[in-house]
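In what follows, every chain begins at residue 1, and chains take the letters A, B, ... in the order their sequences are listed.
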Amino acid sequence: MPQLDTSTWLITIMIMMPALYLIMQLKLLNTVYYFPPSQKVPSTQMFNNPWQLKWTKIYLPHLHIQHY
Amino acid sequence: MNENLFTSFTHPTLLGLPAVVPIILFPTLLLPTSKYLINNRLVTIQQNLIQLIVKQMMAIHNTKGQTWSLMLMSLIIFIATTNLLGLLPHSFTPTAQLSMNLAMAIPLWAGTVITGLRFKTKSSLAHFLPQGTPTPLIPMLVVIETISLFIQPVALAVRLTANITAGHLLMHLIGSATLVLSTISFSMTSLTLMLLVLLTILEMAVALIQAYVFTLLVSLYLHDNT
């Protein structure tokens, strides 16, 4: 059986070692898994209300209104 | 007859030089590395597959065992690509060589055992005696467990070699039988051809499964020892 012919064992092992332990690992190390870019939370406020909201409370739409 | 069958497993030489060198290094060419945020399809598929395999295989380990994830990932990718490339006609499969599999199995197994002996000496030695054995059986059981420990690397190597070799050999035989039958009768040819197709599909599965099993067992030995 040609697998048992030990004359070729040295070259096989010698070339497998760097192939597996060096090159494959370098290839895997150089893959960069970027974090998916995070989405910016859009501001839900539509208006900038400089006046006091209690005067216009019933006329504004139902939003997360920032109180000044 | 014997010599003819096994010629595909002899080392290929190109003008007297060992051609094994580029053959073993070839699978690394098929894995492009690119550091772009958005890669092309090939790189994306490969990176996603590797991420899937990492998550699947390293989930069972603790922090110490997960330091081995680079080693195990390179192992499974190497064996899988080499096995799959060996299914191409007239190609040489390095993982069908006992030398290479022994050189892969023994250091990895020895690494797991030494890790266990270094960090969890008592616990790893305690693996030699399963719980609840009756007292008179203890010496014999320790001997049996030691033998089963030392046979692990040999079993790893021989399992991979034998599976790949047997698959390739079977494909050779059925292929040559199909060729011979093609001049004799058509129905037998189509039957044998179908057998060959099914066998090829099986071999693809075996290629992947063997890679998986090898890596899984190494990781299991690791799990026992970390």
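B:Q66 places a side-chain N or O within donor-acceptor distance of the main-chain N or O of B:M58, the cut-off being under 3.5 Å. Looking at A:Y34, its side chain does come within 3.5 Å of a backbone N or O of B:K35 through a donor-acceptor pair.
The local environment of CD in B:E145 is crowded, with over 12 non-hydrogen atoms from other residues, nucleotides or ligands closer than 6.0 Å. The 12-atom threshold is exceeded at CG of B:L29, counting heavy atoms of other residues, nucleotides or ligands nearer than 6.0 Å. Dense packing is recorded around CG of B:L37, with more than 12 heavy atoms of other residues, nucleotides or ligands lying under 6.0 Å away.
Interface residue B:L75: backbone and side-chain heavy atoms are both found under 4.5 Å from chain A. Heavy atoms closer than 4.5 Å to chain B are found in the side chain of A:I11, but not in its backbone. Heavy atoms of A:M14 lying under 4.5 Å from chain B are absent altogether.
Looking only at side-chain heavy atoms (C-beta outward), B:I164 and B:H168 come within less than 4.5 Å of each other. Two residues are said to be in side-chain contact when any heavy atoms from C-beta on lie closer than 4.5 Å; B:V43 and B:Y36 fail this criterion. Counting heavy atoms from C-beta outward, A:K27 and B:I77 have side chains that stay 4.5 Å or more apart. Residues A:Y33 and B:I50 have side chains in contact (heavy-atom distance under 4.5 Å, counting atoms from C-beta outward).
Contacts of residues 80-94 of chain B with chain A at a heavy-atom distance below 4.5 Å involve B:T81, listed in sequence order.
Counting heavy-atom pairs closer than 4.5 Å to chain A, the top residue among B:Q97, B:Q46, B:Q51 is B:Q51. In terms of heavy-atom pairs under 4.5 Å with chain A, the best-connected choice from B:N39, B:I23, B:L31 is B:L31. Of the residues considered (B:T165, B:L98, B:T161, B:L70), B:L70 shows the highest number of contacts with chain A, using heavy-atom pairs under 4.5 Å. Comparing B:M104, B:M100, B:Q47 by heavy-atom pairs within less than 4.5 Å of chain A, the highest count is held by B:Q47.
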